[in-house]
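Data block below; observations after.
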Amino acid sequence: MRRILVSKSNAIIPSISSFYILRSSSIRPYSSLKGKVGVRINVENEVKCLDDAVNLFNRMVRMKPLPSLPVFCKLLKTMINMKHYYAVISLFREMRKLDIPISEFILSNVINSYCLMHRVDCAFSLLPIHLKSGIPFDVVTFTTLIRGLFAENKVTDAVVLFKNLVREKICEPNEIMYGTVMNGLSKRGHTEKTLSLLRLMEQGNTKPDIYIYNVVIDAFCKDRNLDAAISILNEMKQKGIPPDIVTYNSLIDGLCKLGQWEKVKTLFSEMVNLNIYPDVHTFNILIDGLCKEGIVEDAEEVMKHMVGKGVEPDIITYNVMMDGYCLRGQVDRARRVFDIMIDKCIEPDIFSYNILINGYCKKKEVAQAMQLLGEISQKGLKPETVTCNTILHGLFEVGGIGDAKRVYAEMLSVGPKPNIYTHSIVIDGYFRYGLVEEAMSLFNKLERKRENTDIAFYTVVINGLCKNGKLDEAQSVFEKLSLIGLPPNVRTYNTMITGFCRQGLLDEAKSMLRKMKKNSCLPDNVTYNVFVQGFLRWSKFSEMRTFMVEMADRGFSFDASTAGFLVNVVRENPSVLDMIPELHSKNKY
DNA sequence: GTAGGGTTAG
């Protein structure tokens, strides 16, 4: 899921204009970068791990004269690439203590480290150093901060900062800053805002480049709005900006996910005609698309084809193939792919394990899944929340409540940190085994802690209460939803309707149907099927007849569960068949 | 600063 909750907090943004006023005072930038030519240090060659970095740093600070600032900078950058963000900050503090001069580049790296650690608040707290040292803010620093805000989902803060920078003329945004803002917005589902920024750029001095167009096109593709994506493609072509491999990959992915294979072929030929050749991304997109359609054989063919074209499969190729087999229930084949991957010296990553664990769980082979879970740590990897969620779901599926409780308790104490899905899986599991008190006490605890909740979480609770004969309590949770600003969706309504129908409260069910229509939540196939089963269960055949006409008019049809139900009813009471209207002529399916 | 993989309620 691409869409992520938007933070409303605005607290940590310091007043930008106050920085601006200070900046315009007469402090001059530090100018000691030149003239310090010390011993030649090749950071890249010398630093292979954190220890190397710290040792080199300790050597550097004892040198007289000190190595030049770009060498310090290079060292910090190398450490960032090795993801040792905290160490960067420690060394920076050490530099301050030792009165080693700093540059804007060094500060940018430290700010970036804080951002990458998801501590954008600390990153902001470094800005006063710029002022004290007379180092000007530049567009790179602010772009880093904006990226840091997005990384913590502080979308509003990021946009406010960007707007302030522009309004107060603190810095002129370049393509990269625009790109960062647009990418942040688009990845969180704000396609319209992304598009507005494109239009703004087109009118301003900083003209959109290929990166910008690619962000916008990808946003539309992710929204499954391929028409809009292709119209942007045509716009960029008209403006003389040729699409590149990234553009085509986004579009091909969008088309694959919509199952529009003919258009995929057209785009594929178009790119090759432009001498843009498919890369490992392109092939992975195709392989994933085919696997998700269930045609793993074709995916295997594409894999052979890519090898023939000299494009080597990577870890994602193997993971996608594994998932393709798991989706068809062929977990043993997936396991073979896993082994082949290891033979080819590609070490499985946490995705590989998650995919395989999910495959085993779906086959109810939870013991195998648990064994893989143990293997993760042995391979130097760490189980993720997703890993444990998959295991938990699998355990509840087979009734392993004790194991599930142990996994959940371990998550709470040592991690990985449970998220909203974890809690939903556990509450759902408790309800399924009639552990209503445990489910409700967990639910109440999470509500008290004001843990992030979503509509799916509440739907689990409502469903659990209904299934355990507590329709009144379910209803009061349902009523609460609008108060806490979580509008019910079609699944929530369906859950309540199912609850009413099972109890024979068909009038309440119908009133719920009216309510959902009033709130512009369209009933889906499940809604109609639940009603038909309700009418069948309580022998309301003539009402069922009227209802089924509406159902057919809207193009919905029986699902497997309703069909099975109907067969049983007809077996006992064959005259029911006469009550079923002639639907097939009108039915779209 | 842009593209590809995993969990998730009726």
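In this text, all values refer to a predicted model and were calculated from it rather than measured experimentally. In the text below, chain A, chain B and the rest are named by the order of the sequence lines, each starting its count at 1.
Without hydrogens or angle criteria, E152(A) side chain to V120(A) main chain gives a donor-acceptor distance under 3.5 Å. Listed for the K364(A) side chain is no donor-acceptor partner under 3.5 Å among the backbone atoms of C361(A).
Residue K187(A) places at least one side-chain N or O closer than 4.0 Å to OP1 or OP2 of dA3(B). Taking side-chain N and O atoms only, N463(A) has no distance below 4.0 Å to OP1 or OP2 of dA9(B). A sub-4.0 Å separation between OP1 or OP2 of dT2(B) and a side-chain N or O of H281(A) is absent. Here N183(A) reaches the OP1 or OP2 of dT2(B): one of its side-chain N or O atoms lies under 4.0 Å away.
When heavy atoms are screened at a 4.0 angstrom cut-off, D454(A) is found touching no nucleic acid atom at all. In this structure, D288(A) reaches the sugar-phosphate backbone alone: every heavy-atom distance under 4.0 Å involves primed, P, OP1 or OP2 atoms, never a base. Among the heavy atoms of the strands lying under 4.0 Å from T459(A) is at least one base atom, whether or not backbone atoms are also near. V280(A) comes within 4.0 angstrom of a nucleotide base, judged by non-hydrogen atoms across all strands. As judged by a 4.0 angstrom heavy-atom cut-off over every strand, I217(A) is placed among residues making no nucleic acid contact. Using a 4.0 Å heavy-atom criterion, one finds that I316(A) contacts the bases of the nucleic acid, with or without backbone contacts as well. Counting non-hydrogen atoms under 4.0 angstrom, T180(A) reaches the backbone sugars and phosphates but no base. Base contact: I212(A) has a heavy atom under 4.0 Å from a base atom.
For N444(A), the CG atom is densely surrounded, since the number of other residues' heavy atoms within 6.0 Å is greater than 12. Annotation: K292(A), atom NZ; neighbour count of heavy atoms from other residues, nucleotides and ligands within 6.0 Å is above 12.
For N489(A), the listed nucleotide lying nearest its side chain is dA9(B); candidates were dA9(B), dT2(B), dT7(B). When distances run from any side-chain atom of S250(A) to the nucleotides dA9(B), dA3(B), dG1(B), the shortest one goes to dA3(B). Of the listed nucleotides (dT7(B), dA9(B), dG1(B)), dA9(B) has the atom at the smallest distance from the side chain of I455(A). Comparing atom distances between the V460(A) side chain and each of dT2(B), dT7(B), dA9(B) picks out dA9(B) as nearest. When distances run from any side-chain atom of T390(A) to the nucleotides dA9(B), dT7(B), dT2(B), the shortest one goes to dT7(B).
Not a single donor-acceptor pair, N or O on each side, falls under 3.5 Å between the base of dG1(B) and the side chain of N174(A).
At whole-Å resolution of the value, CG in L481(A) and C1' in dA9(B) are 12 Å apart. Atom CG in D253(A) sits about 13 Å away from atom C1' in dT2(B), given to the nearest Å. The CG atom of L149(A) sits 16 Å away from the C1' atom of dG1(B) (whole-angstrom rounding). Here the C1' atom of nucleotide dT2(B) and the CG atom of L198(A) are 14 Å apart, to the nearest Å. In this structure, H423(A) places its NE2 atom 14 Å from C1' of dT7(B), rounding to the nearest Å. Across the protein-nucleic acid pair, Y353(A) atom OH and dT7(B) atom C1' stand 18 Å apart, rounded to whole Å. Whole-Å rounding puts the I427(A) CD1 to dT7(B) P distance at 21 Å. The nearest whole Å value for the distance from the CZ atom in R491(A) to the C1' atom in dA9(B) is 6 Å.
With sequence neighbours excluded, the residues forming a salt bridge (Lys or Arg N to Asp or Glu O under 4.0 Å) with K510(A) are D507(A), E543(A), listed by chain and number. For the salt bridge (Lys or Arg N to Asp or Glu O under 4.0 Å) test, no residue two or more places apart in sequence or in another chain qualifies with E347(A).
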